[in-house]
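Report on one structure; see the data block that follows.
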Amino acid sequence: MLTATQPLGAVLPPRHGPSSFPSSGKASAGLWAPRRGAVSSSKVRCTSVSVSQAVVNGQAAIGTVVADVDQERQAGLLLTRRGEVELPVVTLKATVTLRLNEEWSTTEKVAGMVHQPWLLLEFFSSELDPKTGKEMRTQPHAASYSRMDGAGSFVYEVTVPSSSFGDVGAVVVENHYSSEVFISGIEVQHPNGAVNFNCSSWVTCHAGYNKRIFFPLESYLPSQTPEGVARLREMDLEAKRGDGHGERMLWQRIYDYAVYNDLGDPDKSASLRRPVLGGKEHPYPRRCRTGRPRCKADPSSETRAAGEIYVPRDEEFTARKAGAFLTKKVTSTLSAFTTAQEVAGDRRRSFPSLAAIDALYEDGYRNQPGQQPDNLNTYFTDLLEKQVELLLKGEKEEVKEDIRKVFKFQTPEIHQKDKLAWFRDEEFARETLAGMNPLSIQLVTELPIKSKLDEQTYGPGDSLITKELIEKQINGVMTADEAVAKKKLFMLDYYDMFLPYVHAVRELEGTTLYASRTVFFLEEEGTLRPVAIELTRPKSPNMPQWRQVFTPGSSVADSWLWQLAKAQVLAHDTGYHQLVSHWLRTHCCVEPYVIAANRQLSQMHPIYRLLHPHFRFTMEINAQARASLINADGVIESSFSPGKYSMLLSSGVYDTFWEFDKEALPADLLRRGMAFQRDDGELELTIKDYPYANDGLLIWDAIKDWVSEYVNHYYAAASDITGDKELQLFWTEVRTRGHADKRDEPWWPVLDSRESLVQVLSTIIWVASGHHAAVNFPQYPYAGYFPNRPTTARRNMPTETGDMRAFLEDPEKVLLDTFPSQYQSTLALPVLNLLSSHSAGEEYLGVHSEPAWMADAEMRAAFERFNGRMMDIAETIDRRNKDPALKNRKGPGVVPYVQLKPNYGDFKDMTSVMEMGIPTSISI
């Protein structure tokens with residue numbers, strides 16, 4: 001195998017000579033590559049504007065081709081004469097940076113490759129021929145190999161008459177090699193200066209698909225497109241739309257829509273049949289179309305993928321990220337290995353004690369910040385080498401310790417800080433504002449609390465949490481009506497959304513479900529105190545409605561019942577978090593934006609270039625979720641509430657709750673009553689110490705200001721927006737195809753002004769960055785110790801069943817039987833650990849910049865202001881976390897709120913995985 005550090009002089013004939021480019025000797029580990037195992041693990045840093053200076057890890061070469069164009073002899077090229085005057089001929093030199101598929105990177109094959117004219121380039125002028133009105137372009141020219149410098153560049157030259165040709169407006173790359181190639185970028189030396197093309201794309205070798213169009217870094221609205229490349233702009237979009245027929249191949253780059261009809265597997269078992277999500281019966285966003293055959297047992301369903309699920313080629317993980325993902329997945333699974341072996345064949349076995357749960361974790365083995373190793377073999381090789389070295393030194397105990405850690409979970413941060421945090425009511429309440437799911441807490445605006453569901457079907461809807469009960473629990477400091485008027489009462493409301501599923505879930509083996517309401521009171525010091533929990537089982541043809549209110553009790557029995565009721569609510573909140581706050585509102589709802597942008601916005605469109613980094617890897621991680629997380633009998637159904645009906649619940653919430661305009665952070669806070677507008681129009685938080693909102697609004701404002709500068713730079717007036725056909729088609733397609741089941745809703749924004757465009761773009765960017773970071777990375781730190789955040793509840797309340805004897809004899813066993821089983825923990829904990837990690841090469845909000853931004857002086861300055869503001873926000877968050885007056889983020893055993901802290905990605909001074917920064921996209 002030829003490595004990136006191996007001198008090519010040992011492989012090639014002497015005439016090629018040594019490289020004249022500087023080399024670091026070793027290839028950078030942070031370079032683009034795909035998920036396919038046979039491809040080199042490298043990636044291009046998008047912050048590099050000068051493509052020729054990019055460092056690429058993998059096999060590549062540098063070549064020079066000089067096409068001496070005799071315009072009298074070569075047909076189809078450009079004429080250099082106007083009348084009788086011969087115009088001067090100048091030389092364009094183009095440097096192509098590329099990488100090859102690793103399986104073709106053997107010494108023999110690379111040596112053979114450099115002699116083949118497999119890479120063809122064709123240049124298009126930005127202008128039309130002034131005489132004919134037709135496109136001006138060169139003939140395709142082959143690049144020939146010259147030398148290798150470790151960066152892997154082909155250098156070739158082509159001569160064209162500058163006075164006729166004008167500026168280079170596009171390059172068409174054609175791949176005739178026997179493998180796909182990754183084109184990082186192209187730099188063309190022109191008499192007027194260098195023209196840079198940031199390609200960052202795979203070009204397949206499959207006939208009919210092996211030609212690609214690339215445009216320079218300068219951005220153009222459709223109406224401003226240089227005439228010479230207007231046709232190419234549309235051609236490139238048409239190629240990505242496809243024709244909507246046939247099964248997609250992994251090497252294609254076609255973006256299209258489909259419903260979620262591939263989660264079940266009815267051909268394997270009738271029990272794995274699942275309803276189609278998307279359509280009138282079960283409204284849902286759309287996913288990427290794969291075109292796989294339909295199931296025989298259920299023609300409405302698509303067959304499961306035998307291997308990788310199709311996503312457009314450039315949406316796949318880089319090999320480095322794929323390697324980090326696999327390494328973390330394997331190491332997390334190994335942590336559960338011992339438990340999995342012990343409970344094999346007994347999925348319902350409970351943990352025998354709280355001490356047995358604690359034994360899952362290695363005390364002192366913390367969940368430290370840092371990027372994951374990106375090579376599984378290297379990880380285990382390094383581990384083995386370390387153990388051998390320790391053995392040679394005679395340090396046997398340390399060897400045993402290291403090996404034991406492989407089969408232990410890291411201690412989640414909440415348990416590291418306070419071993420009894422899971423038991424405390426104060427922490428239960430605090431996490432509604434600063435924990436894993438701070439998006440569900442809402443203001444109580446009226447009493448009594450009422451359901452909107454049909455009482456004939458489900459039973460009485462008025463809450464049993466009455467005014468009298470509330471006044472008793474708050475010790476009469478004010479009346480219940482005064483508490484409502486003063487905005488002192490708050491609630492987690494999982495009543496209407498869970499109640500319709502209660503009976504169906506209870507028919508599943510080893511699980512239960514209630515509808516719940518939990519009321520909190522806001523103390524003077526700014527913290528919440530739980531007042532009461534109401535659990536309800538709806539009526540059925542055979543049973544009346546059952547419901548009961550639980551309060552923090554003064555007796556031992558009441559205290560245990562309160563803990564059991566909290567476990568039920570926490571299972572509701574954890575399931576809702578995973579299915580709605582996390583999956584639905586970020587991953588699922590963003591995928592249609594990715595598809596629509598690629599189908600309707602040209603790569604030279606400024607809005608495409610603004611949004612593109614916020615879509616990185618989202619389609620790939622969603623495809624992986626469909627493969628093993630949200631599928632029938634997958635991790636979510638097997639270990640989270642409400643089990644088999646999880647995705648139906650997600651669909652129901654999308655139908656009744658999701659509105660695009662409310663996904664903006666300020667609008668979401670207003671909807672939940674967690675903020676209100678003052679007379680001066682400014683937003684004020686209902687709870688002053690609400691860490692998610694406090695920090696989130698800083699990020700939201702910074703995003704909006706950056707987007708405002710960007711939009712104002714490219715759109716001088718509202719007419720430029722309404723007249724932007726690509727932009728309008730993008731937004732229309734988001735509404736009518738990506739979110740087709742919501743297409744006629746009145747709340748969709750209309751893109752008719754700079755203000756409306758800024759709001760829409762800021763909302764998309766916020767959801768893909770800040771919102772996702774806030775709900776994703778705290779998963780293992782908070783739910784990794786599952787008594788703190790049980791993913792499901794398995795046992796009914798003893799007061800419902802009447803089985804008080806077992807409860808009175810051993811209430812701890814009843815609680816352990818309510819928590820997830822040992823088997824469920826082996827499924828959920830590795831996934832939570834995996835999802836909470838940052839992969840190598842992650843790109844962070846306010847830190848990562850796109851080459852097109854940096855190539856424009858005004859946008860570069862605007863981004864630098866955005867970057868500076870984000871770093872100021874980081875300092876503000878640090879100060880807040882040191883303020884003892886902010887008790888929801890500072891105090892004994894309290895985990896600081898750092899989920900929305902911007903960062904450069906330098907983890908040396910960090911103490912928490914959650915403060916590693918806000919990734920620009922939903923990539924995990």
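Treat the numbers as computed from the prediction; the structure is a model and nothing was measured. One is the number of the first residue; the rest follow in order along the sequence.
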Identify, with sequence neighbours excluded, every residue that meets salt bridge (Lys or Arg N to Asp or Glu O under 4.0 Å) alongside Lys688.
-> Glu684
Which of Thr876, Asp883, Asp878 passes side-chain contact (heavy atoms from CB on, under 4.5 Å) with Arg880? Answer is Thr876
Residues in ring-ring contact (aromatic ring centres under 6.0 Å, His included) contact with His587, at least two apart in sequence or another chain = His582, Trp583, His772
Correct closest heavy-atom pair for Arg616 and Gly841 would be NH1-O, 3.5 Å
Taking the side chain as C-beta and beyond, is there a heavy-atom pair between Glu842 and Val847 under 4.5 Å?
-> no
Please tell me if the side chains of Thr518 and Gln568 come closer than 4.5 Å, counting only heavy atoms from C-beta onward.
-> no
Verify whether the ring centers belonging to Phe317 and Phe617 lie closer than 6.0 Å.
-> yes
Across all chains, not counting sequence neighbours, the side chain to side chain donor-acceptor pair (under 3.5 Å) partners of Thr799 are Gln548
Cation-pi, Tyr782 ring and Arg789 (6.0 angstrom, 45 degrees) = no
Taking Arg430 for the side chain and Asn888 for the main chain, is one N or O donor matched with an acceptor at less than 3.5 Å?
-> yes
May I ask you to decide if the ring planes of Tyr692 and Trp766 are parallel, tilted or perpendicular, using 30° and 60° as cut-offs?
-> tilted
Do the non-hydrogen side-chain atoms of Lys890 and Lys882 ever get within less than 4.5 Å of each other?
-> no
Can you find a side-chain donor-acceptor pair between His572 and Ser516 that sits under 3.5 Å?
-> yes
With the side chain counted from C-beta on, respond yes when Tyr897 and Leu433 share a heavy-atom pair under 4.5 Å apart, and no when they do not.
-> no
Using modelled atom types only, decide if a donor and an acceptor are shared between the side chain of Asn788 and the backbone of His415 within a distance under 3.5 Å.
-> no
side-chain hydrogen bond (donor to acceptor under 3.5 Å, both in side chains) assessment of Ser350 paired with Arg794 = CA-CA 10 Å; Ser350 302; Arg794 298 184 298 136; 2.6 Å; yes
Assess Arg671 against Phe657: is NZ or CZ under 6.0 Å from the centre of the six-membered ring, and within 45 degrees of the ring's axis?
-> yes
Give a yes or no on whether a salt bridge exists between Asp668 and Arg672, defined as a side-chain N under 4.0 angstrom from a carboxylate O.
-> yes
Considering all heavy atoms, the nearest Pro530-Phe520 contact | CA-CD2, 3.6 Å
Electrostatic pair Asp425:Lys566 at N-O distance under 4.0 angstrom = yes
Is a side-chain donor-acceptor pair under 3.5 Å present for Tyr494 with Ser440?
-> yes
Would Phe351 and Phe819 count as a close aromatic pair, with their ring centres under 6.0 Å?
-> no
